[in-house]
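Worth knowing before you read on, the calculation uses all heavy atoms, side chains too, and leaves out hydrogens, waters and symmetry mates. Here the structure is a predicted model, which means the values were calculated and not measured. By convention in this document, chain letters (A, B, ...) are assigned in the order of the sequence lines, proteins followed by strands, and residues within each chain are numbered from 1.
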Protein chains: 2
Amino acid sequence: MRDVAALAGVSLKTVSRVVNNEEGVSEILVDRVQSAAEKLRYRHNLAASNLRRGQRTKSVALLVQDLSNDFSAALLRAIDDTVRDRDVVVFSASLDEEADRERKLVANFIARRVDGLLLMPASPSQAYLQSEMAAGFAVVIVDRIPHDLSTDYVVVDNVEGANKATTHLIAHGHRRIAFISDDLTIDTARARRDGYYQALRDADLSIDETLIYSARTVEAASAVVTELMASATPPTAIFTARNTATMGAVSALRKLGLQNTIALIGFDEIRMADLLDPGISIVAQDPGRIGREAARMLIERLDGSQDHHHGIILPTTLLARGSGEIRPTSNEA
Amino acid sequence: MRDVAALAGVSLKTVSRVVNNEEGVSEILVDRVQSAAEKLRYRHNLAASNLRRGQRTKSVALLVQDLSNDFSAALLRAIDDTVRDRDVVVFSASLDEEADRERKLVANFIARRVDGLLLMPASPSQAYLQSEMAAGFAVVIVDRIPHDLSTDYVVVDNVEGANKATTHLIAHGHRRIAFISDDLTIDTARARRDGYYQALRDADLSIDETLIYSARTVEAASAVVTELMASATPPTAIFTARNTATMGAVSALRKLGLQNTIALIGFDEIRMADLLDPGISIVAQDPGRIGREAARMLIERLDGSQDHHHGIILPTTLLARGSGEIRPTSNEA
DNA sequence: ATGAAAGCGCTAACAT
DNA sequence: ATGTTAGCGCTTTCAT
């Protein structure tokens, strides 16, 4: 910048003004500065600019478990779309349920002075963010309920969604309904299990712990279903509480030729669900909506809103496509 | 930082040393500084640090067309995984085939002094990056061939993949094969069409322009297929040169009840392809591999490699799953 | 309308 | 082993 000023024969400040499109510089000088900048291939340094200004960096960070999961990818896309108008750019990273990684990345992003954080927490407690928030750092928790931290968040009604799925299966005559979720240390997994329990209780069905499974990957879920079906008393229906679990179940049932025999409802959309045979019934969330709401909340904080923190709980939609409407064939019901 | 130094009763430099884990500070002082930092809730400012060091910002940017597309999401994930070891964070954004957005975002990221750029270009020419690269900025083009720019890139062999798909269909008796791709202004779309042409020519089949379509979205592709099938001389096979086009075709064929009548091969994997009925035959790329190779190339540049720029052309794999092996039923063949 | 000087938070180079 | 000084690239006073 100094070189540009020298070449243009003006002061540093004038160059600064031109670069920032500030008013009150004669056109002659603007031209002179611009051509000097061009000649010297001058590139404005936002870091230095922000340093002096002490202002926003116009960047935010999104931390999710797995960026290649459809849900998270849709979230990222929606967030990017929402903040783009304001010229805000977004960092993102995958946590893979590792709390350590979350802490490390958050520290990194804070050192980079991002304006805000959108977090799908891997950590059991986000209390460590309290002091950051007190210092003016904006945080919105997505997909999961914040723990030990008073902040904005956006989730879906997991208990209600799971209840809805389970009740739907019960209404179709099922009494042995398997539940396959993510690790139960995870908030959403527990909430969905609670919804499942609730539905069973409301129908006066007993809870059979041998029907409750965790499976983190598609392959693990597939293996679980295969195992379940080989048991002496297999379920007549399955509720998969995660998109990867649903994919695994679809795959396993198909391999076993049971896709039209065993009922299946999944939580969270999977691609092509309506084109499979049978179509896969899903309790759908709207990741685009979640992302937009979260980004909007973050932006409001950045705009200085001091409102009380609040959570948004979005509804889910049960999409009946066939697999969830299969009736039990065995006479044990 | 000054406050921390004051509270700890040491100099600025000592604090700096402690913060950066540099050697040669007595343990007593380390403790004193750390507790002072804690007390004052000191947060290191990486921007200021980078400013002085004139070093790398340990950040890179990935620009793709649509972050919610499976391919791009897998790319992002692979890149994040690859650079994480080096403590590098990644910005990402969607371009939606808008060249303007690409230019604007690139300028933004350069102002932020990202160390490198991974770009799936929307622009017809990337000549504008020449001067940046001359100034030491690292660029790797992914998925598409760079235009007017000598740089590293990673692509798959689109011509060969499309040829393979088309040849496969021809080998199964098809002579009227529709081609549905992205807009043909796009590099990969053209390359895939060329592969399609090549295969037709090699089989002495004439090219019928009425079988060539562009469709950017799933819905558009679905509409195209519906229209095609309603024509007087419908094709007996379809080659969809993009994952969204494949999804649209699957959907339309199914609605028409033609999924077991009309052959279909898609370029680029779609989820659940093997679980559909029939399974969808795909010319698969490996987005994980593409991302890893691209990130590796970028890292090598950041490590100062001055090697001649070069391109990596990865192979594709034809996965025969059923839909591509359907034979024509009409007797026009 | 333009410029000079001071300083944002940090670290490299040189002391001590 | 620790401190001092200067300066990274920029913008904010406060002049002129």
Side-chain angles (χ1 to χ4, degrees), chain A residues 1-34 36-37 40-59 107-115 132 135-137, chain B residues 1-38 40-59 107-115 132 135-137:
Chain A
M1 182 144 148
R2 199 181 33 212
D3 301 338
V4 175
L7 180 58
V10 297
S11 77
L12 268 178
K13 179 62 212 176
T14 303
V15 178
S16 174
R17 286 196 178 100
V18 172
V19 166
N20 290 301
N21 288 316
E22 283 175 38
E23 302 197 347
V25 184
S26 65
E27 289 196 19
I28 310 127
L29 282 194
V30 173
D31 281 355
R32 207 134 51 101
V33 169
Q34 281 175 345
L40 295 173
R41 295 222 179 88
Y42 168 74
R43 295 288 174 268
H44 192 63
N45 186 328
L46 256 176
S49 164
N50 284 329
L51 187 57
R52 186 60 238 245
R53 294 198 143 100
Q55 276 192 40
R56 313 244 100 117
T57 56
K58 293 197 168 197
S59 63
N108 189 329
F109 289 125
I110 284 175
R112 289 173 189 276
R113 295 293 186 272
V114 298
D115 299 333
E132 314 296 347
F137 187 60
Chain B
M1 182 144 148
R2 199 180 33 210
D3 301 338
V4 175
L7 181 59
V10 297
S11 76
L12 269 179
K13 180 64 209 176
T14 302
V15 178
S16 173
R17 286 197 177 101
V18 172
V19 166
N20 291 299
N21 289 315
E22 283 175 38
E23 301 198 347
V25 184
S26 66
E27 290 196 18
I28 310 126
L29 282 194
V30 172
D31 281 355
R32 215 144 34 113
V33 169
Q34 281 174 344
S35 64
E38 194 122 346
L40 295 173
R41 293 223 180 87
Y42 167 74
R43 295 290 174 264
H44 192 63
N45 186 329
L46 256 178
S49 165
N50 284 328
L51 188 57
R52 184 62 239 247
R53 300 196 135 102
Q55 276 193 42
R56 313 243 99 119
T57 56
K58 291 197 168 197
S59 64
N108 189 328
F109 289 125
I110 284 175
R112 289 175 189 276
R113 296 293 186 273
V114 299
D115 299 333
E132 314 297 347
F137 187 60

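In this model, a side-chain donor or acceptor of A:R17 finds a partner on the base of C:dG3 within 3.5 Å.
Closest approach of A:R113 and B:R43 over heavy atoms only: NH2-O, 2.7 Å. The two residues A:V25 and A:T14 make their nearest non-hydrogen contact at CG1-CG2, 4.1 Å. The shortest heavy-atom contact between B:N50 and B:T57 is ND2-CA, 3.7 Å. For A:R53 against A:S49, the heavy-atom pair with the smallest separation is NH1-OG, 2.8 Å. Minimum interatomic distance between A:F137 and A:V114 (heavy atoms only, all atoms of both residues): CE1-O, 3.3 Å.
Distance A:L46 CG to D:dT11 P: 9 Å, rounded to the nearest Å. Spacing between atom CG of B:L51 and atom P of D:dA6 amounts to 18 Å, rounded to whole angstrom units. Between the CE atom of B:M1 and the P atom of D:dT4 there is a distance of 13 Å, given to the nearest Å. C:dA1 atom P lies 12 Å from atom CD of A:E27, rounded to whole Å. Atom CD of B:E23 and atom P of D:dT2 are 13 Å apart (whole Å). The distance between atom CD1 of B:I28 and atom C1' of D:dT2, rounded to the nearest whole Å, is 12 Å. One interatomic measurement links the two molecules: NZ of B:K13 to P of C:dT16, which rounds to 17 Å at whole-angstrom precision. In this structure, the CZ atom of B:R52 is 7 Å from the P atom of C:dA12, given to the nearest Å.
Between B:N20 and C:dT11 there is a side-chain N or O to OP1 or OP2 distance below 4.0 Å. Close to D:dT11, at under 4.0 Å from its OP1 or OP2, lies a side-chain N or O of A:S49. Within the 4.0 Å cut-off from OP1 or OP2 of C:dT2, at least one side-chain nitrogen or oxygen of A:S26 is found. At least one side-chain nitrogen or oxygen of A:S11 sits closer than 4.0 Å to the OP1 or OP2 atom of C:dG3. Here B:R53 reaches the OP1 or OP2 of C:dA12: one of its side-chain N or O atoms lies under 4.0 Å away. An OP1 or OP2 oxygen of C:dG3 is reached within less than 4.0 angstrom by a side-chain nitrogen or oxygen of A:T14.
In this structure, A:N50 reaches neither bases nor backbone, as no heavy-atom distance under 4.0 Å exists between it and the strands shown. Among the atoms of the strands shown, only primed sugar atoms or phosphate atoms (P, OP1, OP2) are found under 4.0 Å from some heavy atom of A:V10.
Heavy-atom nearest nucleotides on DNA chain D were determined for B:G9 and for B:A48, and the one closer to the 5' end corresponds to B:G9. Of the two residues near DNA chain D, B:R113 and B:L12, the one whose nearest nucleotide lies more 5' is B:L12.
Distance from the side chain of B:S16 is smallest to C:dT11 among D:dC10, C:dT11, C:dT2.
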